[in-house]
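Notes follow the structure.
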Amino acid sequence: MTLASRLSTAANIGQMETAKEKWSMITGNIALIQVQATVVGFLASMAAVIFGWIPDGHFLMDHAVLLCASSVSTAFIASMVLGLIMIGVIFGSKKLGINPDNVATPIAASLGDLVTLALLSGISHGLYKEMKNNVYVNPVVCILFLALLPIWFVIARRNPATREVLSSGWEPVIIAMAISSVGGLILDKTVSNPNFAGIAVFTPVINGVGGNLVAVQASRISTYLHIMGPPGEETELIPRKCPSPCRTFFSSDMNSHSARVLFIFVIPGHLIFLYTISSMQGGHTTLTLIFVVFYMMAALLQVLVLLYIADWMVHWMWARGMDPDNFSIPYLTALGDLLGTGLLALSFHILWLIGDRDTDVGD
């Protein structure tokens with residue numbers, strides 16, 4: 001998603017006009033996300049091992065190596081495939097006269113979930129079966145992808161557009177991974193209760209919609225600021241303090257207008273998803289009126305908070321010389337996961353307490 005935001009901004013401010021500029025931007029950014037994907041995939045597998053080991057009290061080395069191999073290879077392949085797709089989407093959007101900020105980031109978020117989950121399940125299944133016949137296959141996979149790191153690092157470092165991100169872009173990605181992991185723990189705790197098992201079907205929906213909408217807003221604000229000048233440049237249009245909700249949602253500003261539009265999208269979007277889930281008889285299959293009301297309240301509150309935080313965070317980062325394309329989206333999407341999962345879990349608990357207890361929850 002940071003790749004999509006960076007390239008969208010570059011396309012909008014005229015940094016990808018010549019073939020040389022395009023090639024330089026593409027190679028540098030592809031190499032950068034391969035470095036980030038490999039490192040974060042490795043760290044994510046270590047976090048998963050620790051989170052699994054602490055409550056259970058036992059540790060299996062072969063399972064830890066399997067998890068590491070699956071995670072690193074999935075992150076590497078998914079980032080490469082999605083990166084190439086994003087490049088095609090952004091070039092296609094510019095040719096069709098469409099603002100890439102409105103298209104590339106949500107496609108990256110949606111395809112990211114789908115492609116990554118599909119690859120993770122397929123790769124881990126294959127490596128698990130192969131592990132029974134060859135104990136060295138998982139360590140070799142881990143070493144292979146980690147050994148490619150220096151190559152990608154050198155390519156990304158040679159590119160001026162990605163050199164700074166290579167050194168300063170780790171903090172938001174790693175902290176975002178930690179924030180999302182807290183959301184994962186909330187989900188795991190809630191799903192383990194048979195009364196709330198149905199939350200598993202709705203969590204990807206509420207988190208995906210919230211993350212998509214706030215990523216679009218953050219990318220649009222970032223492009224708007226880039227047009228005015230480089231990060232850190234003094235301008236009267238950048239607020240000196242935390243913006244008021246009225247300025248974020250009800251002013252005549254272009255970004256305020258887009259915030260209102262994106263907030264309105266929550267209602268029809270989620271109603272379509274709820275109808276689809278109900279038609280497929282998944283999760284909380286009998287959508288009672290009170291369930292829909294509580295679900296929509298959680299979804300609206302999540303997006304409302306995220307859009308307000310995005311308005312403050314992007315301007316705050318910009319005023320301090322940080323490029324929001326590289327820093328804001330990881331934080332915002334991770335907060336979206338945490339808020340969405342937390343609010344949804346709270347809604348399920350309240351519904352259970354007030355008596356909305358369908359027998360088919362968790363089907």
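This structure is a prediction, so every number in the text was calculated from the model and none was measured.
Contact between N138 and A69 at its shortest, heavy atoms only, is O-CB, 3.7 Å. Nearest heavy-atom pair, A11 versus I90, reported as atom, atom and distance to 0.1 Å: CB-CG2, 4.1 Å. Taking all atoms of both residues into account, the shortest heavy-atom contact from L307 to A259 is CD1-O, 3.6 Å. Heavy-atom minimum distance, Y331 versus A176: N-CB, 4.3 Å.
Side-chain atoms of S219 never come within 3.5 Å of backbone atoms of A215 as a donor-acceptor pair (strictly under, hydrogens ignored). No donor-acceptor pair closer than 3.5 Å links the side chain of T162 to the backbone N or O of V165. In this structure a side-chain-to-backbone donor-acceptor pair under 3.5 Å is present from T27 to W23. Remark: the backbone N or O of G336 is paired with a side-chain donor or acceptor of Q302 at under 3.5 angstrom.
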Side chain to side chain contact (heavy atoms under 4.5 Å, CB included) for H270 and V292? Distances and angles first, verdict last. CA-CA 10 Å; H270 275 294; V292 174; over 6 Å; no
Apply ring pair (Phe, Tyr, Trp, His ring centres under 6.0 Å) to residues F263 and Y308 and explain how you reach the verdict. CA-CA 11 Å; F263 183 70; Y308 176 73; over 10 Å; no
Checking L149 against V35 for the side chain to side chain contact (heavy atoms under 4.5 Å, CB included) test, could you report, in this order, the C-alpha distance in whole Å, the side-chain angles of both residues, the deciding distance, and whether it holds? CA-CA 6 Å; L149 262 179; V35 174; 4.0 Å; yes
Show your working on side chain to side chain contact (heavy atoms under 4.5 Å, CB included) between N159 and S24 and close with a plain yes or no. CA-CA 7 Å; N159 191 299; S24 174; 3.0 Å; yes
Evaluate side chain to side chain donor-acceptor pair (under 3.5 Å) for N255 paired with D311, printing each intermediate quantity in order. CA-CA 8 Å; N255 294 319; D311 187 31; 6.0 Å; no
Stepwise side chain to side chain contact (heavy atoms under 4.5 Å, CB included) test for D325 and T2: CA-CA 6 Å; D325 281 330; T2 55; over 6 Å; no
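Distance OG1/T203 to CG/L344: 5.0 Å, rounded to 0.5 Å. With rounding to the nearest 0.5 Å, the separation of OG in S45 from CG in L67 is 5.5 Å. Here R220 contributes atom CZ and N12 contributes atom CG; the two are 9.5 Å apart, rounded to the nearest 0.5 Å. If you take CG on L271 and OH on Y295, they are separated by 9.5 Å, rounding to the nearest 0.5 Å. With rounding to the nearest 0.5 angstrom, the CE atom of M25 is 11.0 Å from the CD1 atom of I87. Atoms CG and CG, on L82 and L119 in that order, are 8.5 Å from each other to the nearest 0.5 Å.
Counting only heavy atoms from C-beta outward, the side chains of V303 and V214 never approach each other to under 4.5 Å. At a threshold of 4.5 Å between non-hydrogen side-chain atoms, the residues V81 and I77 count as touching.
Here the rule is side chain to side chain contact (heavy atoms under 4.5 Å, CB included) with T341, and of D188, T190, L187 only L187 fits it.
Salt bridge status for R6 with D323: absent, with no side-chain N to carboxylate O gap under 4.0 Å.
By the 30° and 60° cut-offs, the orientation of the rings of F202 relative to F348 is tilted. Using the six-membered ring where Trp is involved, F76 and F145 have ring planes that are tilted, between 30° and 60° apart.
S258 and Q217 share a side-chain donor-acceptor pair at under 3.5 Å.
Clustering ILVMFWY residues whenever any of their side-chain heavy atoms sit less than 4.5 angstrom apart, transitively, puts M80 in the very cluster that holds L148.
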